[in-house]
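I have placed the structure first, in the form of C-alpha cells, so that the comments after it can refer back to it.
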There are 2 protein chains.
Amino acid sequence: MTDRAPTLSDVAALAGVSYATADRVVNARGGVAEKSARRVRAAVRQLGYIRNVAAANLSQRRIYRFAVVLPAGPNAFFAHMRALLAEAQDRLAADRVALSIIEVPAFDAGALAARLMALAEDDLDGLALVGTDDAEVLTALAALRARGVAVVSLVSDLPDAARDAYVGIDNAVAGRTAARMIGLGHGGRAGRVLPIVGAVSAPDHAQRLNGLRAVLDQHYPTLTLAPEIEGRDRHEEVETQLTARLATDPAISAIYSIGAGNAGLIRVLEQWPGDRPHPFVVVHELVAHTRAALERGVIDLIIDQRPGDEIALALGRLREIADRTTPTRAAEPVVPALYVPENLPPATAASLAKET
Amino acid sequence: MTDRAPTLSDVAALAGVSYATADRVVNARGGVAEKSARRVRAAVRQLGYIRNVAAANLSQRRIYRFAVVLPAGPNAFFAHMRALLAEAQDRLAADRVALSIIEVPAFDAGALAARLMALAEDDLDGLALVGTDDAEVLTALAALRARGVAVVSLVSDLPDAARDAYVGIDNAVAGRTAARMIGLGHGGRAGRVLPIVGAVSAPDHAQRLNGLRAVLDQHYPTLTLAPEIEGRDRHEEVETQLTARLATDPAISAIYSIGAGNAGLIRVLEQWPGDRPHPFVVVHELVAHTRAALERGVIDLIIDQRPGDEIALALGRLREIADRTTPTRAAEPVVPALYVPENLPPATAASLAKET
DNA sequence: TTGTATGCGTTATCAT
DNA sequence: ATGATAACGCATACAA
C-alpha cells in the first residue's frame, strides 16, 4: 500500500541494474544475462510492478488502428450496427483509437477476401469482422494475423484457428430460447411452429433451427414443427412464401423468424384475417420495424443479440490483445436479450437507423 | 487526416501564443487577455484539438480513487455484486484506478451516513452507492459532492439533486415485464397472481408492484391479483407466510417474487403437492439459488438487473465525470434481462458467490 | 498578462 | 551485455 505505484525505475533500482536492462527483460527484448534477468523478475514480483499502459502509449505516440468489416446492403440489423459503430467512432477518438468502418458486398467471399488483403497494407492493430467461413477469406485473415493484426470474429463465428476471439451469441442458445418462449406462449396447448430461415445452408440459421427443434422435442411434445420456409433474407420472398404456406397449413400457431426479411413477415401479420387466431411470433434483432411491430402487438418477442454490447466487447478485446494485457476475462458468449413490449429500451438515434 | 493528433503545442503555435497561455484558456484557469483567448479558441476549433487524457493523468500521477458502498448482510444479490466488484478491482488496478469496496449494515441510514461522512476525509474522486432516501444520507452526500466527489446512485435511485447519475433498472419496467411474462405463461387462461414483496413501503418494491398491476389490468383482465405477502426479504418469513396463503387461496396460478428471500419461496415450491398444478413463478436477480431453481424447472423466469453491466456503467460514469469528459452517452436506464433455462449465461466464479 | 522549464513512466536510440 | 537519455503530451511551478 505505498502511495504511488511502483515504476520500472523502482524495479531497476531494487534489482541493481539500469533502467534499460530492466526494460529489456520486462519486454522480452533479449540480450540480457540470465543472472540479471532473474534479479529483475524477482524485483518485479516483489514490488508488484505493472506496466503503465498509458505512459507506454504516450511514449510511442500510439494510436490504435482498428477496423470493423461488415456487410453492406439493406439488412436493417447491419444498418443498426453501422450506426452504433459511427457513434462509437466519436467516443473512441478521445481515447486515441482510430476506427474505420468498412462495408463489403454481402454474400461475396471474393470481395471480402480482396478487401481484407488490401487492409494488410494499412498496418492495423486490430480487425473485427463479420466473416464467412470461405477458404479465400481464411487465407486473407491468416495473412493479416501474420502481420500482427488481432482478429475478432463478430456476430458470426469462424474456425478457432482463424481468429483470436469470437464476440457474438450462441445461435443454438437463441433457437432453444425461442422454443421455450413459444412453449410458454402456448400455455400447455398443442400447436404448430413454422420456422422461417434465410437459408438452411447458413450455419447460424441451422444452429438456431436445431436449438428450436431440440427444446420443442424435449419439453413441448404437443408442439409440432412445420417444414421451414427459406426466405433468403428477402422480405418479398418471405411475404409470398409465407402467404402461400398459411393457406395450405392452417394449423400454424407460432412463427419463428430465424433470419432477416422480417418486413415481409410483418406485412403478412398486419393483414391477418380477423377470424383466424393470431400466431405467437418470435423474431430476431431489435431494429426500427421489429420494434414497431412489437409495440403494436403484431409480434410477441424479439431475441436480440445486443449489437451495442457486442461492439464494445469486440473493441475491448482488440484493445486487450493490442496492449498485450493479460485477457483476464474469458470469452463469455453474449447472452441474447429477450424483449417484450414492456422492457423495450428507449429508442436511440442509432436504433432508428433506417434500412439503406 | 493528419498523421498525428494535434497537441496543445500545435494549438499554441497556430494561435501565436505560448504553450502556457493556450493551456490557461483550454483549462479555464483565467488571467488571459480576451484577445489571446479568442485566438486560442479559434485554433482549437480549427485543429480539432482534443485533450489527451492519458497524458494529462500521467503528468499528474493521477490515480482515480473510487469507492462503492453497498449493504452488508446475507442478501445473495449484494453478495454477488461484491464478488463482481472484487473482480473489477483487479482489472482496474491495471488502469490506475483504486477501487475500495465498503460494506455498511443494511437498513441503517445512520450507519450509512456516518460512513459517508468518514469518506469525506479520503479525498475520493468518485462514489457509487446503494443508498436510501434518508435526510442524513442526503446531507452526507451533499457534503461529499461539495468536496468535488462524483456521486452515482446504484441499484436504487436517489433524488436528482442528490447524485450526478443513476445506474440501475426502472423498477416499474421490471414489474410490467413480469406481468407480460405471467400473461404469456397463462396462454389466455384465467388465473390469480400472488406478489411477494419485502415491504410495500420500499419504493422499489412498490414500483414493481404498480407495474405489475398496470399491465395485468390493461392486457390480461382474466388474471386477478391476490393481496401481496410482505416477506421482509427474509426467507423464513416468506416460507411461512406463503405456505399459509397457499392453504387459504387455492386459486393461485402465478407468483411474482418482487424482493429477496427467494430461498424460502423455492423451498415451498420444491415440496409442491403432486396433485396441484404448478404455478408460474417469476423472481428477481440471477444468483446461485435462483439459477439452480430455474435449471430444475422449479421457477420459470428470472428478471435480472445485470449487476455486472451496472458496475461497469457506474464506474464508467464516475470516470467520465472525473475526467470532465463530455458525457456523450445519456443516462439510459439498464434494461432488465429475462432469463429462462435456455439462455442462462455460463456460471462464473462471481455468480457462485454464496450468501454470507 | 505571458512565457519557460521540469517531471510523469515508458519506448527507442545511441552510446559504452 | 549494459547504461544513459531524448522524446511523447500534459500540468504546473516559476520567471518575466
Side-chain angles (χ1 to χ4, degrees), chain A residues 2-41 43-44 47-64 93-97 125 322-325, chain B residues 2-41 43-44 47-64 93-97 125 322-325:
Chain A
T2 51
D3 203 356
R4 93 195 212 312
T7 74
L8 194 49
S9 296
D10 300 329
V11 171
L14 179 60
V17 300
S18 78
Y19 182 95
T21 300
D23 169 72
R24 287 186 180 97
V25 9
V26 165
N27 291 319
R29 302 187 207 282
V32 175
E34 181 51 31
K35 187 182 61 179
S36 311
R38 220 190 306 282
R39 304 192 55 177
V40 171
R41 279 192 289 265
V44 165
L47 295 177
Y49 167 76
I50 47 185
R51 169 167 163 274
N52 185 330
V53 186
N57 290 346
L58 175 60
S59 84
Q60 291 176 124
R61 254 188 189 154
R62 188 188 224 294
I63 301 182
Y64 295 89
D95 285 337
R96 258 62 196 173
V97 353
D125 295 297
D323 279 345
R324 45 198 174 114
T325 274
Chain B
T2 51
D3 203 356
R4 95 194 209 313
T7 74
L8 193 48
S9 297
D10 299 330
V11 171
L14 178 60
V17 300
S18 78
Y19 177 92
T21 299
D23 169 72
R24 287 185 180 97
V25 8
V26 165
N27 291 319
R29 301 187 207 283
V32 176
E34 181 51 31
K35 186 182 63 178
S36 312
R38 219 191 308 283
R39 303 193 55 179
V40 170
R41 280 191 287 266
V44 165
L47 294 177
Y49 167 76
I50 46 186
R51 200 167 70 103
N52 185 331
V53 187
N57 289 346
L58 177 60
S59 82
Q60 291 176 122
R61 260 186 184 156
R62 188 188 224 291
I63 299 182
Y64 296 90
D95 286 338
R96 259 63 195 173
V97 354
D125 295 297
D323 279 344
R324 47 198 172 113
T325 273

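Labels below follow one simple rule: chain letters A, B, ... track the order of the sequence lines, proteins then strands, and each chain is numbered from 1.
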(request) Answer yes or no: is there a donor N or O on one side and an acceptor on the other, between the side chain of B:Asp10 and the main chain of B:Thr7, under 3.5 Å? (result)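 The answer is yes, because a donor-acceptor pair under 3.5 Å joins these two groups.
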
(request) Using atom types as modelled and distance alone, determine if a side-chain donor or acceptor of B:Arg39 lies under 3.5 Å from a backbone N or O of B:Ala15. (result)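 Yes, B:Arg39 side chain to B:Ala15 backbone: donor-acceptor pair under 3.5 Å.
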
(request) Assign A:Leu58 to base, sugar-phosphate, or nothing according to its heavy-atom contacts below 4.0 angstrom with the strands shown. (result)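 A:Leu58: base contact, heavy atoms under 4.0 Å.
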
(message) Counting the atoms with a prime plus P, OP1 and OP2 as sugar-phosphate, which does A:Arg29 contact under 4.0 Å by heavy atoms, base, sugar-phosphate, or nothing?
(response)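 It contacts sugar-phosphate atoms only.
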
(request) For B:Lys35 and for B:Ala55, locate the closest nucleotide of DNA chain C by heavy-atom distance; then report the residue assigned to the nucleotide nearer the 5' terminus. (result)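 The residue closer to the strand's 5' end, by nearest nucleotide, is B:Lys35.
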
Can you measure [X] atom [atom1] to [N] atom [atom2] for me and round it to whole angstrom units?
| X | N | atom1 | atom2 | result |
| --- | --- | --- | --- | --- |
| B:Asp323 | D:dA11 | CG | C1' | 14 Å |
| B:Arg62 | D:dA11 | CZ | C1' | 12 Å |
| A:Asp10 | C:dC8 | CG | C1' | 13 Å |
| B:Asp95 | C:dG9 | CG | P | 16 Å |
| A:Arg96 | D:dG9 | CZ | C1' | 8 Å |
| A:Tyr19 | C:dT13 | OH | P | 15 Å |

Can you identify which nucleotide, out of [options], has its nearest atom closest to the [X] side chain?
| X | options | value |
| --- | --- | --- |
| B:Ser36 | D:dT12, C:dC8, C:dT2 | C:dT2 |
| A:Asn52 | C:dT11, C:dG9, D:dG9 | C:dG9 |
| A:Arg61 | D:dC10, D:dG3, D:dC8 | D:dC8 |
| B:Ala56 | D:dC10, D:dT2, D:dA4 | D:dC10 |
| B:Ser18 | D:dA4, D:dG9, C:dT4 | C:dT4 |
| A:Asp23 | D:dG3, C:dT11, C:dC8 | C:dT11 |
| A:Tyr49 | D:dG9, C:dT10, C:dG3 | C:dT10 |
| A:Ala33 | D:dA11, C:dT10, D:dA1 | D:dA1 |
| A:Ser59 | C:dT11, D:dG9, D:dT2 | C:dT11 |

(request) Would you tell me whether B:Asp323 and B:Tyr64 have side-chain atoms, one donor and one acceptor, within less than 3.5 Å of each other? (result)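 Note: B:Asp323 and B:Tyr64 side chains meet the donor-acceptor criterion.
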
Under 4.0 Å between a side-chain N or O of [X] and OP1 or OP2 of [N]?
| X | N | result |
| --- | --- | --- |
| B:Arg51 | D:dG9 | no |
| A:Gln60 | C:dT10 | no |
| A:Thr7 | C:dC8 | no |
| A:Asn27 | C:dT11 | yes |

(request) Please step through side-chain contact (heavy atoms from CB on, under 4.5 Å) for the pair A:Leu8 and A:Asp23, ending with a clear verdict. (result) CA-CA 7 Å; A:Leu8 194 49; A:Asp23 169 72; 3.9 Å; yes

(request) Enter the distance from B:Asp95:CG to A:Asn52:CG here, rounded to the nearest 0.5 Å. (result)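 It comes to 9.5 Å.
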
(message) For a quick test of reading the model, state the closest non-hydrogen atom pair linking A:Ile63 to A:Asp125 and the distance between them.
(response)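 It is O-OD2, 3.4 Å.
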
(request) Would you state whether a donor and an acceptor, one from the side chain of A:Arg24 and one from the base of D:dG3, lie under 3.5 Å apart? (result)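 Result: at least one qualifying N/O pair found.
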
